[in-house]
Undergrad: 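Below you'll find the structure I mean.
Since the model is a prediction, treat every value here as computed from it, not as a measurement.
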Amino acid sequence: MSAPSVAATDPLSAWVARLRAQDMPIFSATLAAIGEVAGDEASPASALGRIILRDAGMTTRVLRMANSVFFRGESHRVSTISRAIVVLGFDTVRNIAVSVALIDAFLAGGVRERVAAEMARCFHAAVHARHAAQARGDASPEEVFIATLLSHIGEMAFWCFSGEVGIRLDRALREQRGAPEQIEMDMLGFRLRSLTQMLAREWTLPSLVASARADGVRADSREGLIVAAYRLAEAAEGGWDSERARSAVRDYAKLLKLGVIEVAPVVAAHAKEAARIAGFYGCDDAAQRIPQASRAVDAGADAPAGDAEPDPLAELDVARRIVSLIALQAASTTVLDLALEGAGRTLGADRAVLALVTANRAQLAARATEGLGAQQLMRHFNFLLAGAPRDALTELVDHARTIDVAAGFVPAPGLPSLTRLRAALGDRHQMLVPVEAHGQVMGVLYIDRAPSRPVFPEDAQEGLLHFARLAGLALEQSGPRPRG
């Protein structure tokens, strides 16, 4: 498709008109419908629900987001859009729906390299910004998250639908023939961030989206949080061990009024969380592009080898950092990730898993993994609890039992079976301890060693239990006791 006519007196308006009428008409119609509901105080929440339910894909992703720990804390599963509106609020569900629709439009338009990179950057920045908003006592950190996620929609829309014009601009930017915004002005007649601002108004997005891209944003404002978070995500793309990334982490620590040692594990957890959130939205390419923090940044050591031995000093250091985060009332997701890191990297394990019990108590599923073959382990650590026959896993969850079995161990008749555990994870020295909160088992910490290695030392179980207790404290702190 050709670019807007060069005879247009206002090239920026021409681009907005093109996107509205030619490239993104379905999205524009969806936004108009959502905008009408949002603008009419008499419209019931069910009207928003009906708009979302027209699109099965949108419905699925809105519910996935509503059920993510990121948005709901540790409360109950939401199974309907109407319930999501009650639990999260009208504005939050509306903004999730808008962001889902927008990303769908970009994906349908044929995602190019710059679009995928921008999506990854915005997902990553959104998690940093939301945490900063929470730390600053913001009344609606979810709004900050969505505004950050949408803060570069002009760039994404342009790169998605720009054709030959985009190819020429991309070439000029790669050749670095001047400041990027000046190159944009010279070739397009406007800055891409101005396109973001105009589209935000055109599509009635939260006002924070446009104001975050204005000139002269104050560092201590909500817009400043978005700008700082985006800079951090952008800096990480050059490697977490780069000086630019280290400087960005220091700036982020100042924003939170914390030391770098407390913020570093938070930043590492944000990168993991951002990849998960991008996956919830269906943006697998973006999820894979989000740079994960290396040990050089978040703890100053190399990744564990397959024959790693326990490191008591590292164990104490991780535990101390977890206690500090709990005292600061950090998000439970951050503490859980650090507890998993402690289990996997300081106790001499080959692999580690943090698994959570679903809200209906029907399943035990991996939330995150560490160590050798982590992705494969994520797929395999998934066990049915409801209706399952009594075995070691049901005993662990129902009665807070600890499992510590060496490779080759065969339970005596009458003892809980290890069949499901071994079938899924292999015959290894396996250690599982419960993560308890609100008077029940809410998760499991797991570590193992290959049979070719010596068994875990005796104090490994106590170390694992310590990390599990700290994880439980974070879950206790995160919300009220779940029902059911």
Undergrad: Using a strict threshold of under 4.0 Å (side-chain N to carboxylate O), is an ion pair present between Glu476 and Arg469?
TA: no
Undergrad: Is the shortest distance from a Lys or Arg side-chain nitrogen in Arg231 or Glu234 to a carboxylate oxygen in the other one below 4.0 Å?
TA: no
Undergrad: Report yes if some heavy atom in the side chain of Val87 is under 4.5 Å from a heavy atom in the side chain of Val93; otherwise report no.
TA: no
Undergrad: Calculate, to the nearest 0.5 Å, the distance between atoms CG and OG1 belonging to Leu354 and Thr333 respectively.
TA: 11.0 Å
Undergrad: Could you check whether any side-chain heavy atom of His124 comes within less than 4.5 Å of a side-chain heavy atom of Pro291, counting everything from C-beta outward?
TA: yes
Undergrad: Over all heavy atoms of both residues, which pair between Ala339 and Ala471 is shortest? Give the atoms and the distance, please.
TA: CB-CB, 4.2 Å
Undergrad: Which atoms form the tightest heavy-atom contact between Val144 and Ala133, and what is the distance?
TA: CG2-CB, 3.9 Å
Undergrad: Could you tell me if the side chain of Phe161 sits less than 4.5 Å from the side chain of Arg18, heavy atoms only?
TA: yes
Undergrad: Quick one: does Ser162's side chain have a donor or acceptor within less than 3.5 Å of a partner on Val165's backbone?
TA: no
Undergrad: What I'd like to find out is whether the side chain of Leu338 reaches to under 4.5 Å of the side chain of Arg321, using heavy atoms alone.
TA: yes
Undergrad: Can you check whether Glu243's main-chain N or O pairs, donor with acceptor, with Ser247's side chain at less than 3.5 Å?
TA: no
Undergrad: Has Glu436 got a side-chain atom pairing as donor or acceptor with Gly472's backbone, closer than 3.5 angstrom?
TA: no
Undergrad: Salt-bridged, Arg289 to Glu237, with N to O below 4.0 Å?
TA: no
Undergrad: Please confirm whether the backbone N or O of His128 pairs with a side-chain atom of Tyr252, one donor and one acceptor, at under 3.5 Å?
TA: yes
Undergrad: Any non-hydrogen side-chain atom of Trp240 less than 4.5 Å from a side-chain atom of Gln292?
TA: no
Undergrad: Do Glu184 and Ser194 come within less than 4.5 Å of each other through their side chains, counting heavy atoms only?
TA: no
Undergrad: Mind jotting down which residue pairs meet the ring-ring contact (aromatic ring centres under 6.0 Å, His included) criterion with at least one end in residues 204-231? Sequence neighbours excluded, please.
TA: His152-Tyr230
Undergrad: For the pair Gln197 (side chain) and Ala210 (backbone), establish whether a donor and an acceptor sit closer than 3.5 Å, ignoring hydrogens and angles.
TA: yes
Undergrad: Taking atom types as modelled, find out whether Glu155 and Thr196 have a side-chain donor-acceptor pair closer than 3.5 angstrom.
TA: yes
Undergrad: Please report the interatomic distance CZ(Arg193) to OG(Ser151), rounded to the nearest 0.5 Å.
TA: 12.0 Å
Undergrad: Give the minimum heavy-atom separation between Leu256 and Val263, together with the two atoms involved.
TA: CD1-CG2, 4.1 Å
Undergrad: Can you list the steps and then say if Ile51 with Met58 is a side chain to side chain contact (heavy atoms under 4.5 Å, CB included)?
TA: CA-CA 10 Å; Ile51 293 171; Met58 177 183 286; 5.8 Å; no
Undergrad: Write down the atom of Ala97, the atom of Val62, and the distance for their closest heavy-atom approach.
TA: CA-CG2, 4.1 Å
Undergrad: If only atom types and distance count, is the side chain of Thr369 paired as donor or acceptor with the main-chain N or O of Val353 below 3.5 Å?
TA: no
Undergrad: Under 3.5 Å, is there a donor-acceptor pair between the side chain of Ser324 and the main chain of Arg320?
TA: no
Undergrad: In sequence, state the C-alpha distance, the side-chain angles, and the governing distance for Leu169 and Trp159, and then conclude on side chain to side chain contact (heavy atoms under 4.5 Å, CB included).
TA: CA-CA 9 Å; Leu169 179 59; Trp159 293 118; 3.7 Å; yes
Undergrad: Short question: side chain of Glu370, backbone of Ala352 - any donor-acceptor pair under 3.5 Å?
TA: no
Undergrad: Using a strict cut-off of less than 4.0 Å between a Lys/Arg side-chain nitrogen and an Asp/Glu carboxylate oxygen, indicate whether Asp138 and Arg130 qualify as a salt bridge.
TA: no
Undergrad: Leu208 and Glu223: side chain to side chain contact (heavy atoms under 4.5 Å, CB included), yes or no, with the steps?
TA: CA-CA 7 Å; Leu208 190 56; Glu223 292 84 356; 3.6 Å; yes
Undergrad: Hey, are Arg276 and Glu273 close enough for a salt bridge, meaning a charged N less than 4.0 Å from a carboxylate O?
TA: yes
Undergrad: With a 3.5 Å cut-off and no angle check, do the side chains of Gln363 and Thr358 form a donor-acceptor pair?
TA: no
Undergrad: Are Ile103 and Phe123 packed together at the side-chain level, in the sense that at least one heavy-atom pair is separated by less than 4.5 angstrom?
TA: yes
Undergrad: In Å and rounded to the nearest 0.5 Å, what is the CD1 to CZ distance from Ile277 to Phe145?
TA: 5.5 Å
Undergrad: Could you walk me through whether Glu341 and Lys272 pass salt bridge (Lys or Arg N to Asp or Glu O under 4.0 Å), step by step?
TA: CA-CA 12 Å; Glu341 178 187 315; Lys272 294 179 181 179; 5.5 Å; no
Undergrad: First locate atom NE2 of His131, then atom NE2 of His270, and finally report the distance between them rounded to the nearest 0.5 Å.
TA: 4.5 Å
Undergrad: List the atom of Asp337, the atom of Ala269, and the distance in Å for their closest heavy-atom pair.
TA: OD2-CB, 3.6 Å
Undergrad: Could you state the interatomic distance from CG (Asp91) to CD1 (Ile146), rounded to the nearest 0.5 Å?
TA: 11.0 Å
Undergrad: Contact between Arg61 and Ser99 at the side-chain level, heavy atoms closer than 4.5 Å - yes or no?
TA: no
Undergrad: To the nearest 0.5 Å, what is the distance between CG (Leu258) and CG (Leu328)?
TA: 5.5 Å
Undergrad: Is a side-chain donor-acceptor pair under 3.5 Å present for Asp186 with Gln182?
TA: yes
Undergrad: Could you check whether atom CZ of Arg114 has more than 12 heavy atoms from other residues, nucleotides or ligands sitting under 6.0 Å from it?
TA: yes
Undergrad: Okay, side chain of Thr92, backbone of Gly89: is any donor-acceptor separation there less than 3.5 Å?
TA: no
Undergrad: Can Leu475 and Leu336 be said to form a side chain to side chain contact (heavy atoms under 4.5 Å, CB included), step by step?
TA: CA-CA 9 Å; Leu475 291 176; Leu336 292 177; 4.1 Å; yes
Undergrad: Under the salt bridge (Lys or Arg N to Asp or Glu O under 4.0 Å) rule, what do Arg213 and Glu181 come out as? Steps first, then yes or no, please.
TA: CA-CA 13 Å; Arg213 301 306 303 281; Glu181 289 200 342; 5.2 Å; no
Undergrad: Looking only at non-hydrogen atoms, find the nearest pair between Gly154 and Leu195 and report the distance.
TA: O-CD2, 3.4 Å
